[in-house]
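Both counts, for ligands and for their atoms, begin at 1 and track the order of listing. Note that this is a predicted model, so its numbers are computed, not measured.
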Amino acid sequence: MKKKAAIARFDKELFKRSVLYNVKTLYRKTLEEATEQQIFQAVSYAIKDVIVDSWMDTQKAFEEEDPKMVYYMSMEFLMGRALGNNLINLKAYKDVEEALDELGVDLNVVEDQEPDAALGNGGLGRLAACFLDSLATLGYAAYGCGIRYRYGMFKQQIRDGYQIEVPDHWLENGNPFELRRPEYTKEVKFGGYIRVSMDENGRSVFTQENYQSVKAVPYDIPIVGYGNGIVNTLRIWDAEPIECFQLDSFDKGDYQKAVEQENLARNIVEVLYPNDNHYAGKELRLKQQYFFISASVQEAVAKYMRKHDDVRKLYEKVTFQLNDTHPTVAVAELMRILMDEYGLTWDEAWEVTTKTCAYTNHTIMAEALEKWPIELFSRLLPRVYQIVEEINRRFIIEIESRYPYSTGITQEKIKKMAIIYDGQVKMAHLAIVAGFSVNGVARLHTEILKNQELKDFYEMMPEKFNNKTNGITQRRFLLHGNPLLADWVTAHIGDDWITDLSHINRLKVYADDEKCRQEFMNIKYQNKVRLAKYILEHNGVTVDPRSIFDVQVKRLHEYKRQLLNILHVMYLYNQIKEHPEMEFYPRTFIFGAKAAAGYRNAKLTIKLINAVADVVNNDASINGKLKVVFIENYRVSNAEWIFAAADVSEQISTASKEASGTGNMKFMLNGALTLGTMDGANVEIVEEVGEENAIIFGLSSDEVIAYEKNKNYNPMDIFNNDPEIRQVLMQLVNGTYAPQDAELFRPLYNSLLNTKDTSVADRYFILKDFRSYADAQKRVEAFYKDETAWARSAILNVACSGKFTSDRTIQEYVDDIWHLDKVVLKK
Ligand code: 26Q
């Protein structure tokens, strides 16, 4: 055989036979009798067959070449659908589309049967998924390590304008792409106490006793690289009870314990916590963290030791990248395994750990910082806690030597930097101290970490700090999500951009070509028609694809300021009503957002958006100039269509609060113009595309930080001096949008204008930025009216998006942090 199966050209006839065979053996049906879901399963199993050959070849190459690997440790992997993406990366999408067509089956309908793998909340989880795609495509050996939640991110329904959370039973019909690997089962122990004894060499031996344990059983999901035959693995852990119902130990205590252990196994992977950028100190969450980390670290060390004999050199072949602080117990778990199971001394284990672990910070929001009460942490993880205590003790000695008591600042430094302080274990401090790298996710964010949030750590260990600006995979967000534009790009510049997005800058010259501009705008129009159809089918709202599609899709959070957007819509509506003769380019404001289930103001903002939509969309007097749409259940699969159809990308977070953002990049890649603040990666987007091709407004991060420091912002001043803003605010509490209950939106009003405590009023500077935002929106309208100028600018956005591929991000991680070897598949 000359070529490997997956790189070889796709065999259409074989594939068709395989689908028919699968339908028969799985369901005892012919294709005509099979349901759409059954056809999806049959097609997916046929594709999995193709993938498995490359998967085995890849793993064999790892075995032979022994490359250094990264373990990307993450509580979240927001994978979305697998089938379409696998077809794209196998370079088999069009062939399969054709083959199915010949069988009378529509691939789009088949793809639509697949539930999203929504094992994540938002940006951080989707970033992990993009990274896996890039790692495989660039040919690096990588494992994603996570949790196989039975229930992923909830499904959102909108009833009477309110968000309802519906459980997401994504595994209901089985997952055709996963593989259960019981042979790699691990035991994970919780609770009990630590007995210390002495071995024959006089060394302390730590034995956990009276613990509860669960079995961690891995499921492997293939991660297909684009067109290169590489298939990496996402390993997600399921929990099963330890069999312990031996009859002879069936006394009362053991019976109790057996039941408890079974409950633990049942609960631990039950559900993803749906909080984005918000820490809730839940015991079960800490159990989830230790569960998947202990299993992953055990397996990583075991795998290494199957090929090597000296665990002291683990770091030569392995890096653990910690996706935020959520997997940070890994550092203590690795110490534990190295000392308690491999007999290393503290210093030896510390050397290995601090050369193996690296930490990515994704937020500066204080409410997202993980701080566990000592009582909880030490009760659940007694041995791990001992180790954290010792790490802390030694770190404090380091602080004392760096800032001797003679300086007078020792206590202050300890207070600010200690890992354990005030009865809490601070996970970010642990990750910084025990890791060799700390990175932020956009240049501005990293600078804020170094100069504000983590200033003390930066001062003490500047060499650890570095920036890795986020990126996204163009394979999913252009090639799969926007086939019309992808084909157009390829027709003009060839298809190199698929694996090297820097080439997309060759599009620049076409921005000045009138025919190209028209082609581009026509593609955008067709994508808007596709989205309009989706909106009509799923939301029952008719929107005009000739209007400006102005889109804000992302998790709902006060700092992301969906409230600013909708207040501005209310303002526009007032304007149109008061000045019916006013020139106004038709606009469709599109929102999509899930709110954490317990986040009152976020949920109320969803209700407000829907209430405004109700009024505005049903007011015949404004001639359909203004439409407001809330897209239910925003998720990866419908996001692909939304980005493709957007004209305006709303990236309006309070400057300094959005670490990076990644939606901003997906919009840009699809030719939307950014309407945004100088926050997160917006700064770099503007740098790439030029400020004349983006619409920027609002306070700078420095200004925001200064107001926060000086506490000298009072939104009441704006309320008193700006009648149009005042009118909008009064409409929150006078029943304009809640005729049944005028008080409904009072909490939102109060969040902006709390008169009792102005220090917490308008924390996110919505009123402060309102005028600047409204002006920017005016500029959007003027810009769009000049179709030539707009089309030119939109093409330039696509052409300048090259930096924002996750391929570039991953290559930077490889060069600066991971130092992985490229894997070569023998042809
Ligand atoms: C923590 C403790 C308990 C429960 C939940 C959590 C939790 C869960 C998710 C805390 C934070 C998150 C998610 C954070 C997140 O998505 N951050 C985003 O990361 C993106 C990728 O780097 C950035 O682009 C976004 O700016 C950032 O908000």
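Counting heavy atoms under 4.0 Å from ligand 1, residue Asn470 touches it through the side chain alone. The side chain of His326, and not its backbone, has at least one atom closer than 4.0 Å to an atom of ligand 1 (non-hydrogen atoms only; side chain from C-beta on). Contact annotation for Glu76 and ligand 1: only side-chain heavy atoms (C-beta onward) come within less than 4.0 Å of the ligand. The proximity of Trp372 to ligand 1, defined as any non-hydrogen pair under 4.0 Å, does not occur for either the backbone or the side chain. If you look at Ala368 next to ligand 1, there are no close heavy atoms at all, none under 4.0 Å.
Taking the six-membered ring where the residue is Trp, Phe765 and Tyr707 present tilted rings, their angle falling between 30° and 60°.
Close approach to Gly661 involves these atoms of ligand 1, each under 4.0 Å from a residue heavy atom: 23 (C), 24 (O), 25 (C), 26 (O). Near Ala659, meaning under 4.0 Å from any of its heavy atoms, are these atoms of ligand 1: 26 (O). Close approach to Tyr559 involves these atoms of ligand 1, each under 4.0 Å from a residue heavy atom: 28 (O).
Looking at Ser660 next to ligand 1, an N or O pair under 3.5 Å apart turns up. Taking only nitrogen or oxygen atoms, main chain and side chain alike, His362 reaches within less than 3.5 Å of ligand 1. Every N/O-N/O distance between Glu370 and ligand 1 stays at or above 3.5 Å.
The ring of Tyr421 has its center no closer than 6.0 angstrom to the ring center of His429.
Scanning the protein heavy atoms around atom 18 (C) of ligand 1, the nearest turns out to be Leu124 N, 4.0 Å. Nearest protein heavy-atom neighbour of atom 8 (C) of ligand 1: Asn275 O, 2.9 Å. The protein heavy-atom contact nearest to atom 25 (C) of ligand 1 is Glu658 OE1, 3.4 Å. Considering only non-hydrogen protein atoms, atom 17 (N) of ligand 1 sits nearest to Asn277 ND2, 3.6 Å. Protein heavy atom closest to atom 1 (C) of ligand 1, with residue, atom name and distance, is Arg285 NH2, 3.5 Å.
The shortest heavy-atom distance from Ala280 to ligand 1 is under 4.0 Å. At least one heavy atom of Val441 sits under 4.0 Å from some atom of ligand 1.
Checked by atom type, the side-chain pair Gln321/Trp818 shows a donor-acceptor distance below 3.5 Å. No donor-acceptor contact under 3.5 angstrom links the side chains of Ser751 and Glu558, judged on distance only. Between Asn565 and Asp550, the side chains place no donor N or O within less than 3.5 Å of an acceptor N or O (distance only, hydrogens not considered).
Partner Tyr385 forms a side chain to side chain contact (heavy atoms under 4.5 Å, CB included) with one of Leu376, Val425, Val329 and no other, that one being Val425. Exactly one residue among Arg635, Glu165, Glu76, Lys594 makes a side chain to side chain contact (heavy atoms under 4.5 Å, CB included) with Met153. That residue is Lys594.
Look at Asp807 and Arg475 and you find a salt bridge, because one of the NZ, NE, NH1 or NH2 atoms lies within 4.0 Å of a carboxylate O, short of that distance.
Two residues are said to be in side-chain contact when any heavy atoms from C-beta on lie closer than 4.5 Å; His445 and Glu658 fail this criterion.
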Sequence neighbours left out, cut at 3.5 Å: what donor-acceptor pairs do the side chains of residues 270-280 make with other protein atoms?
from, atom 1, to, atom 2, distance (Å)
Asn277, OD1, Thr363, OG1, 3.0
Asn277, ND2, Tyr559, OH, 3.3
Tyr279, OH, Lys371, O, 2.5

Item to check | Gln288/Ile147 under side-chain contact (heavy atoms from CB on, under 4.5 Å): CA gap, chis, key distance, verdict | outcome: CA-CA 8 Å; Gln288 291 182 333; Ile147 296 174; 3.8 Å; yes
